[in-house]
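Notes follow once the structure below has been shown.
Every number for a ligand or one of its atoms is a count from 1 in the order of the listing. Small disclaimer: the values here were computed from a predicted structure and weren't measured.
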Amino acid sequence: MMKIGVLTSGGDSPGMNAAVRAVVRFGIARGMKVYGIYRGYEGLIDGELEELDRRAVGDILQRGGTMLKTARSERFMTEAGRRKAVTTIETFGLDAIVVIGGNGSFAGALELSRLGVNVMCIPGTIDNDLGYTESTIGFDTAVNTVLDAITRIRDTSSSHERTTVVEVMGRHCGDIALYAGIAGGAEAVLLPEVDRDVNSVCRKIIEGCNQGKQHSIIIKAEGYPMDSQELVKEISERTGRSVRLVVLSYLQRGGSPTLQDRMLATRCGDKAIELLDAGLTNKAIGLVDGKVLGFNLKEALAETQEFDRHLYECVDVLSR
Ligand SMILES: Nc1ncnc2c1ncn2[C@@H]1O[C@H](COP(=O)(O)OP(=O)(O)O)[C@@H](O)[C@H]1O
Ligand SMILES: O=P(O)(O)OC[C@H]1O[C@](O)(COP(=O)(O)O)[C@@H](O)[C@@H]1O
Ligand SMILES: [Mg+2]
């Protein structure tokens, strides 16, 4: 009988639970024993795991966060830490580890595979920063949360004829800001990928005011290289407008996953188990052209996220 472990790692994302549920239930359906490993790589190092039955993953499909808990593990960044993790895998006789996480967790899984461990990776991060897949589990929910916030901010922003800077997550990848900018009708977006100066944003705000716009929304990804308070001050000084800052922060990482994230999570879990059952390992599961497939982990991780410049330019055209 095949024995596998499943863990969640890095920043949590809505839909991770749905992925855990899928891995456990599809695994059991194929005659596997499935172990839940707690606190990501930390639990793998410390041997914090237990067998999960079908019922153990009941009532989690609709919940954000992760029932397995998650961690950023400094110890796993070291060779000694990873060797300890391998000892746990050997002690419990695990044939493979399913890692649900983002680019860092995938890099960790690749290191594990170099030590002879069979791994299977499922993309769980709100950042959407994995180039090989069209979407990651949690991204859709996070952007919808941002859109909901923007809708509310617009009401008050418009009543007071203000400009609001909305800071969203994304240290290296501006996808949350970009998609929220398009779908939320922002005047401008500021991203880590584009070197845009504040002057052009101020011009945009002033032009909008001259055309009778009552409010303006500027979306700034946390990775844009300027402090948000500083940005607010500059915009206020240069435009003479009343400017407020809303930092959405961890609000974006919580909440019930959307249909899209539940479906992606479930399909990724299904594919991960199907491939393991077929004797395939060291794959990253991802969505390409509407199909959920397994890709070589090393190659998938090396694929850089292509920045959609056209979409970026659309924000400006749409908000003129
Ligand atoms: N290059 C690496 N080698 C080994 N482990 C890594 C590496 N990069 C990240 N990890 C492990 O994966 C964990 C999660 O990565 P992190 O970047 O924090 O989140 P995410 O997986 O969501 O991108 C890290 O805390 C670390 O334990
Ligand atoms: O939870 P922390 O450690 O404050 O990290 C915040 C970071 O985590 C994220 O929410 C998700 O990133 P990861 O998927 O790489 O963990 C980023 O958008 C944000 O910059
Ligand atoms: Mg990451």
Side-chain angles (χ1 to χ4, degrees), residues 6-16 19 37-46 48 64-66 68-86 88 97-115 117 119-133 135-143 145-146 166-180 191-193 219-225 228 247-255 261 265 284-286 297-298 300-305:
V6 57
L7 60 82
T8 50
S9 167
D12 64 348
S13 69
M16 275 184 164
I37 300 160
Y38 293 91
R39 296 176 184 80
Y41 293 129
E42 285 286 290
L44 197 57
I45 292 171
D46 294 333
E48 251 193 284
T66 161
L68 292 178
K69 310 297 176 195
T70 187
R72 303 195 195 270
S73 171
E74 280 302 319
R75 288 187 292 162
F76 197 76
M77 298 293 283
T78 68
E79 178 81 20
R82 291 194 292 274
R83 292 220 174 264
K84 214 155 170 251
V86 173
T88 302
I97 305 292
V98 178
V99 172
I100 305 168
N103 51 2
S105 304
F106 279 29
L110 186 61
E111 289 300 328
L112 261 189
S113 75
R114 290 184 175 133
L115 295 175
V117 175
V119 296
M120 193 58 78
C121 294
I122 293 179
T125 169
I126 63 164
D127 282 7
N128 204 36
D129 56 357
L130 286 158
Y132 76 97
T133 179
S135 192
T136 59
I137 299 161
F139 173 66
D140 186 64
T141 308
V143 178
T145 302
V146 175
V166 182
E167 186 196 287
V168 300
M169 277 184 164
R171 257 195 294 250
H172 306 289
C173 177
D175 272 17
I176 295 178
L178 180 58
Y179 282 65
L191 314 170
E193 292 94 337
I219 303 182
K220 175 198 174 270
E222 62 178 333
Y224 176 75
S228 296
V247 180
L248 292 178
S249 185
Y250 295 106
L251 271 178
Q252 294 158 92
R253 285 225 306 245
D261 281 332
I285 312 295
L297 175 58
K298 191 170 174 225
L301 202 47
E303 249 183 75
T304 46
Q305 172 81 325

Next item on the list: Kindly identify the option in R72, E42, R171 whose heavy atom sits closest to atom 18 (O) of ligand 1.
Entry: R72
Next item on the list: Measure the distance from atom 8 (O) of ligand 2 to every protein heavy atom, then report the residue, atom name and distance (to 0.1 Å) of the closest one.
Entry: R253 NH1, 3.0 Å
Notebook entry, point to check: Among protein heavy atoms, which lies nearest atom 3 (O) of ligand 2, and at what distance?
Noted result: R72 NE, 3.0 Å
Check: In terms of the angle between their ring planes, are F139 and Y179 parallel, tilted or perpendicular, with boundaries placed at 30° and 60°?
Finding: perpendicular
Next item on the list: Look only at interatomic distance and state if D129 has a nitrogen or oxygen under 3.5 Å from any nitrogen or oxygen of ligand 2.
Entry: no
Margin query: Would G101 count as a polar contact of ligand 1, with the cut-off being nitrogen or oxygen pairs under 3.5 Å?
Written below: no
Checklist line | Protein contact to atom 4 (O) of ligand 2 [nearest heavy atom, distance to 0.1 Å] | finding: Y250 OH, 2.3 Å
Check: Does an N or O anywhere in S73 fall below 3.5 Å from an N or O of ligand 1?
Finding: yes
Check: Please state which protein non-hydrogen atom is closest to atom 20 (O) of ligand 2 and give its distance, to 0.1 Å?
Finding: E222 OE2, 2.4 Å
Next item on the list: Tell me which part of I126 gets within contact of ligand 2: side chain, backbone, both or neither, using heavy atoms under 4.0 Å.
Entry: side chain
Item checked: N or O contact, Y41 vs ligand 1, cut-off under 3.5 Å -> no
Next item on the list: Could you say whether the N/O atoms of S105 and ligand 1 ever approach to under 3.5 Å?
Entry: yes
Next item on the list: Select one of side chain, backbone, both or neither to describe which atoms of N103 lie under 4.0 Å from any atom of ligand 1, heavy atoms only.
Entry: both
Checklist line | G11 N/O under 3.5 Å from ligand 2 N/O | finding: yes
Next item on the list: Before signing off on this row, confirm whether A107 and ligand 1 have an N or O atom pair separated by under 3.5 Å.
Entry: no
